[in-house]
Amino acid sequence: MTTTSSSTSAAPAPDAARGAFIDVRGTSTHHHDLGQGTPVLFLHGSGPGVSAWANWQHALPVVAENARALALDIVGFGHTERPADVRYSLRTWTDHVWGYLDALGIDKVSVVGNSLGGRIALQMAEDDQDRLDKLVLMGSPGVGMTLTDGLKALRAYEPSPDNMRDLLRGHFAVDPSLISNELVQIRYEASAAPGAHEAYRLMFFHPDHAGAELAISEEQVRAVTRPTLLVHGREDNIVPVDIALNMLRLLPDADLHVFARCGHWTQIERAADFNDVIGQFLGLGE
């Protein structure tokens, strides 16, 4: 799956970006389902204004050329319903992803997880590795993770265009020119949508929720036997590259690809290269 820039593929059809809704165990869930063939599930991170399309807009259309590319707005994020009685936690998010796969009738899948999405992928491996083919963990927290300055900035965000611009330019991308006014506006509007910031504050700060409880032990990591590709930006200041090195030493079957001059957004900052690397690992286009 070879590309030369993030714009080498034709622009996705408007319906691809708009997505659709599917019922997942009673929760109206927004998702994107592109292409045909072997399913590859993309899981987004937890930054303010995040959604499946915001995270994966450069990857989904490319992967869909050779596989079935799937991505959902995990409960609490994006356009997915936020049930009044939900308790945000790693368990809740992982169960929502399993329910999504069940709703689609998918028994086995490869998973590409960004940040929080990578931690969910690891929990899926702990739950039922037989349903997983391969894992791609991109900027994912792991053993040795601490509360970094970048993560503190994410959690402290209060919705405003200026705050979103400062957050994206200061902590997501090494090259600030990648942070366009359009991207800032899109992410800001999503972060300020009705209920979005309230849910964000609940999941990471309210004592009734457990969104910040993402620790994983060495024993848990060593038990993940599925082939795994770790992808990380060398300059990531949200999840430092040292975490990926820790995981490389512990995972029984793992490779690591580090992108230079790249922060927490390898799938956006190095979009074409990222697509090539994961395409080769997943065996797409063979």
Side-chain angles (χ1 to χ4, degrees), residues 1-3 31-45 52 55-56 58-72 74 90 93-94 96-102 104-143 216 220-233 239 241 243-259 266-267 270-286:
M1 193 171 72
T2 302
T3 59
H31 75 124
H32 307 269
D33 186 348
L34 286 66
Q36 298 179 341
T38 302
V40 180
L41 174 65
F42 290 80
L43 301 177
H44 62 72
N55 255 197
W56 304 115
H58 299 304
L60 294 176
V62 175
V63 170
E65 294 172 3
N66 298 288
R68 185 180 181 187
L70 302 163
L72 75 157
I74 301 165
L90 178 61
W93 290 322
T94 307
H96 186 222
V97 174
W98 282 129
Y100 174 66
L101 294 175
D102 291 343
L104 293 175
I106 293 175
D107 294 325
K108 194 163 189 174
V109 68
S110 289
V111 181
V112 182
N114 167 212
S115 198
L116 171 65
R119 182 62 186 90
I120 293 171
L122 288 167
Q123 185 58 51
M124 294 173 73
E126 185 172 351
D127 289 348
D128 190 353
Q129 293 198 73
D130 289 342
R131 293 189 66 179
L132 304 180
D133 186 9
K134 296 180 178 180
L135 301 177
V136 178
L137 308 178
M138 193 209 87
S140 175
V143 171
I216 189 168
Q220 287 173 295
V221 175
R222 289 194 181 99
V224 178
T225 59
R226 305 312 300 154
T228 302
L229 175 65
L230 300 158
V231 179
H232 226 94
V239 180
V241 69
I243 302 303
L245 293 171
N246 291 343
M247 299 294 280
L248 179 67
R249 298 183 187 102
L250 294 168
L251 287 162
D253 187 0
D255 295 327
L256 169 63
H257 190 103
V258 177
F259 287 105
T266 59
Q267 85 283 28
R270 299 286 295 274
D273 296 331
F274 174 81
N275 291 336
D276 283 344
V277 167
I278 69 165
Q280 181 177 8
F281 174 72
L282 297 173
L284 304 181
E286 294 180 350

Presence of salt bridge, R68 and D33, under 4.0 angstrom: yes

Min side-chain heavy-atom separation V111-R226 under 4.5 Å: no

Taking R131 for the side chain and K108 for the main chain, is one N or O donor matched with an acceptor at less than 3.5 Å? no

Is there side-chain contact between I278 and M138, with heavy atoms separated by less than 4.5 Å? no

Please give me the minimum heavy-atom distance between L132 and A121, naming the atom from each residue. CD1-O, 4.3 Å

Can you tell me if Q220 uses its side chain to pair, donor with acceptor, with the backbone of E126 under 3.5 Å? no

Is the CD atom of Q36 crowded by more than 12 outside heavy atoms at less than 6.0 Å? no

If I compare all heavy atoms of L230 with all of A244, which pair ends up nearest, and what's the gap? CD1-O, 3.5 Å

Can you list the steps and then say if T225 with D253 is a side-chain contact (heavy atoms from CB on, under 4.5 Å)? CA-CA 6 Å; T225 59; D253 187 0; over 6 Å; no

When the ring centroid of H44 is compared with that of F42, is the distance short of 6.0 Å? no

List the steps, then state whether side-chain contact (heavy atoms from CB on, under 4.5 Å) holds for L43 with L72. CA-CA 7 Å; L43 301 177; L72 75 157; 3.7 Å; yes

Check the pair M247, L122 against side-chain contact (heavy atoms from CB on, under 4.5 Å), reporting the backbone distance first and the verdict last. CA-CA 11 Å; M247 299 294 280; L122 288 167; 3.7 Å; yes

When you compare the side chains of Q123 and D127, does any donor N or O come within less than 3.5 Å of an acceptor on the partner? yes

So, the side chain of T228 versus the backbone of A254: is there a donor-acceptor pair under 3.5 Å, distance only? no

Minimum heavy-atom distance between P141 and S115, given as atom pair plus value: CD-O, 3.2 Å

Answer yes or no: is there a donor N or O on one side and an acceptor on the other, between the side chain of H232 and the main chain of V239, under 3.5 Å? yes

Minimum heavy-atom separation for W56 and P61, please, with both atom names. O-CD, 4.3 Å

V109 and P39 have their tightest heavy-atom pair at CG2-O, 3.5 Å

Is a side-chain N or O of R222 found less than 3.5 angstrom from the main chain of L250, in a donor-acceptor match? no

Please answer whether the main-chain N or O of G45 pairs with a side-chain N or O of N55 as donor and acceptor at a distance below 3.5 Å. yes

So, for L229 and F281, which heavy atoms are closest and what is the spacing to 0.1 Å? N-CZ, 3.5 Å

For the backbone of L284 and the side chain of N66, can you confirm whether one donor and one acceptor N or O come within less than 3.5 Å of each other? no

